[in-house]
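If you read the sequence from its start, that first residue is 1, and numbering goes on from there. Side-chain atoms are counted along with the backbone in the values below, which use heavy atoms only and exclude waters and symmetry mates.
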Amino acid sequence: QVHLVESGGGSVQAGGSLRLSCAVSGDTYGNNNCMAWFRQAPGDEREGVASIQGDGYARYADSVKGRFTISRDNAKNVHHLQMNGLKPEDTAMYYCASRKWFGCNASLRAADFEYWGQGTQVTVPS
């Protein structure tokens, strides 16, 4: 079994920064599998934010490109989402996810991921 635990959420003012972390335990397929971040506001669908392949290749949603950075540390089995220039519209529950393949799809779909964390709340007041 693979277990993911997010941390680092909180409430920050617009323009501020947060760094989310996802700790992964269990069988991780050599710690080189695709990992990703999603977010979901209460009334919205779950939205793909960013993904990173085992080789470090990253993709981003247009809404966060240039503000967010996804990274990974395969040795520590942790990946991060650095969130800069936060906006009220970034407010959501953020989830980390993983799949048992090296590559990530260009289209970030929740159905492609087998393993999920419990979520961490990010709030940016208006």
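- A donor-acceptor pair is defined here as one N or O able to donate and one able to accept, closer than 3.5 Å; no such pair exists between the side chain of Glu47 and the backbone of Phe38.
- No side-chain heavy atom of Tyr57 sits under 4.5 Å from any side-chain heavy atom of Cys104.
- Residues Leu20 and Met83 have side chains in contact (heavy-atom distance under 4.5 Å, counting atoms from C-beta outward).
- Ring geometry, Tyr95 versus Trp116: the interplanar angle exceeds 60°, so the pair is classed perpendicular (tilted spans 30 to 60°).
- Residues Phe68 and Leu86 meet the side-chain proximity criterion, which asks for heavy atoms closer than 4.5 Å.
- A distance of 8.5 Å separates CG in Asp55 from CZ in Arg72, rounded to the nearest 0.5 Å.
- Legend: disulfide bond (SG atoms under 2.5 Å apart) pairs involving residues 35-101, not counting sequence neighbours, sorted by first then second residue: Cys22-Cys96.
- Using a 3.5 Å distance cut-off with no hydrogens or angles, the side chains of His80 and Ser21 do pair a donor with an acceptor.
- No side-chain heavy atom of Leu81 sits less than 4.5 Å from a side-chain heavy atom of Thr69.
- Here the side chains of Ile70 and Tyr60 are in contact, with some heavy-atom distance below 4.5 Å.
- Between the side chain of Asp90 and the main chain of Lys87, a donor-acceptor pair closer than 3.5 Å is present.
- Remark: the backbone N or O of Met93 is not paired with any side-chain donor or acceptor of Arg39 at under 3.5 angstrom.
- Counting heavy atoms from C-beta outward, Asn33 and Arg99 have side chains that stay 4.5 Å or more apart.
- Both the sub-6.0 Å distance and the 45° axial angle are not jointly satisfied by Arg59 relative to the ring of Trp37.
- In this structure a side-chain-to-backbone donor-acceptor pair under 3.5 Å is missing from Arg109 to Asn105.
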